[in-house]
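Residue numbers begin at 1 in each chain, while the letters A, B, ... track the order of the sequences. Side-chain atoms are counted along with the backbone in the values below, which use heavy atoms only and exclude waters and symmetry mates.
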Protein chains: 2
Amino acid sequence: MEDTMTTHILTTRANFIDFMGHALEGNGMPPIAGRILGLLIFDGEPRSFSDLATELGVSRGSISANARALVQRGSIIKVNMPGDRQDYFQLADESFCVLLQTIATRMRSTSQAVQGFASELPDDATPHKRLDGLAVFFTAMADGIENAAKTLNQRC
Amino acid sequence: MEDTMTTHILTTRANFIDFMGHALEGNGMPPIAGRILGLLIFDGEPRSFSDLATELGVSRGSISANARALVQRGSIIKVNMPGDRQDYFQLADESFCVLLQTIATRMRSTSQAVQGFASELPDDATPHKRLDGLAVFFTAMADGIENAAKTLNQRC
DNA sequence: ACCTGCGTTCAGTTAAAATTGAACAAATCA
DNA sequence: TGATTTGTTCAATTTTAACTGAACGCAGGT
């Protein structure tokens with residue numbers, strides 16, 4: 001009974017980790033980054049570098065690269081345990097907010113880029129208007145996402 | 001002078017098309033789809049199937065596949081010109097709105113999926129809470145994006 | 001000093017995605 | 001009918017991204 005329960009949780013855990021791998025793949029991140037994030041979200045507590053490699057069944061090189069990318073994005077943080085020189089990783093408190101901010105920022109820079117193209121064109125040219133419209137579109141999207149961040153009532 | 005102007009516009013056009021190719025690449029679409037979209041946004045008017053292949057310098061097979069994908073997404077529409085049996089494509093009026101709706105929908109389904117994983121876990125388990133939080137996150141994002149769509153005062 | 005464990009790096013490999021190009025069917029025209 | 005044009009399909013190819021694994025430097029431990 002206890003075992004059944006545990007098994008079910010472990011199955012769910014594995015499925016969730018797998019799911020996150022695919023989900024973040026669709027957002028321009030490598031699958032393993034998604035799996036690391038999924039594992040850390042699920043477990044909540046710090047996990048060691050080696051554990052990640054072992055549990056996910058991937059090379060240490062992969063953990064190194066992908067964990068670094070996640071740290072850089074602010075999704076996870078690296079922590080040190082006293083008397084243990086391994087690196088540990090855990091979900092960042094502001095993880096989700098950071099994710100939103102990252103996306104919003106990307107939208108804004110895209111908007112700016114499009115605006116740049118528009119400004120190259122004569123004001124009366126119809127492409128100018130359309131590119132302007134596209135720039136507005138990206139800005140609106142950035143606004144919407146940042147707004148969502150605030151809605152989450154966390155510090156963003 | 002006239003020539004300089006035209007050249008500059010053409011250069012900007014080429015750069016914009018190229019930019020869109022890269023931009024949509026980051027959103028999970030093939031580069032050529034982005035370039036087709038960029039070309040149609042810039043030009044505004046219908047362009048023929050063959051023109052797309054010629055101007056973008058890619059195979060007809062690629063135009064066929066990518067244009068179809070864009071049509072299916074609702075970003076562009078296929079139109080027919082009287083007395084010309086070629087297929088023409090042009091930017092859909094609701095192009096940008098559709099883009100937002102697509103993203104919002106994906107967010108909601110992701111949220112639901114995560115919620116599904118959460119429901120597999122006992123209510124008192126801490127992973128349950130975290131997955132719930134993640135689901136809320138995706139919902140908030142979907143809301144934010146749909147809100148942005150409405151802000152654009154177009155019919156969405 | 002030597003050994004062991006840890007994380008990084010990067011050249012090589014593998015796997016996945018995108019694109020090509022030739023074959024094809026349908027439609028048009030002479 | 002036969003020749004042409006048009007868009008689709010799919011197997012082969014190219015391109016790109018991701019991953020591996022061995023070599024390396026660094027820290028501690030014995």
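The distance from atom CG of D84(A) to atom C1' of dG28(D) is 12 Å, rounded to the nearest whole Å. The separation between D87(B) atom CG and dT5(D) atom P is 17 Å, rounded to whole Å. Per the geometry, CZ belonging to R68(A) stands 14 Å off C1' belonging to dC19(D), to the nearest Å. Atom CD in Q86(A) sits roughly 17 Å away from atom P in dA27(D) (whole-Å rounding).
Linking ILVMFWY residues whenever their side-chain heavy atoms come closer than 4.5 Å, directly or via other members, leaves V98(B) and I145(B) in distinct clusters. With hydrophobic clusters built from ILVMFWY side chains whose heavy atoms lie under 4.5 angstrom apart, M29(B) shares a cluster with V71(B).
Annotation: proximity of residues 51-67 of chain A to DNA chain C (heavy atom, distance under 4.0 Å) is found for R60(A), G61(A), S64(A), numbered in ascending order. DNA chain C lies under 4.0 Å from at least one heavy atom of each of the following residues of residues 16-50 of chain B: P30(B), P31(B), I32(B).
Centroid-to-centroid, the aromatic rings of F19(A) and F117(B) come within less than 6.0 Å.
The pair R13(B)-D43(B) meets the salt-bridge criterion, with a side-chain N (NZ, NE, NH1 or NH2) lying under 4.0 Å from an Asp/Glu carboxylate O. Ion pair R47(A)/D87(A) not flagged as a salt bridge, since none of the NZ, NE, NH1 or NH2 atoms sits closer than 4.0 Å to an Asp/Glu carboxylate oxygen.
Phosphate proximity of dT4(D) to R85(B): absent, as no side-chain N or O sits under 4.0 Å from OP1 or OP2.
In terms of heavy-atom proximity, A135(B) sits nearest to Q115(B) at CB-OE1, 3.6 Å.
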For this session: Go through M81(B) and Q86(B) one step at a time and tell me if the side-chain contact (heavy atoms from CB on, under 4.5 Å) criterion holds.
Result: CA-CA 8 Å; M81(B) 310 294 255; Q86(B) 263 191 103; over 6 Å; no
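Listed for the T105(A) side chain is a donor-acceptor partner under 3.5 Å among the backbone atoms of Q101(A).
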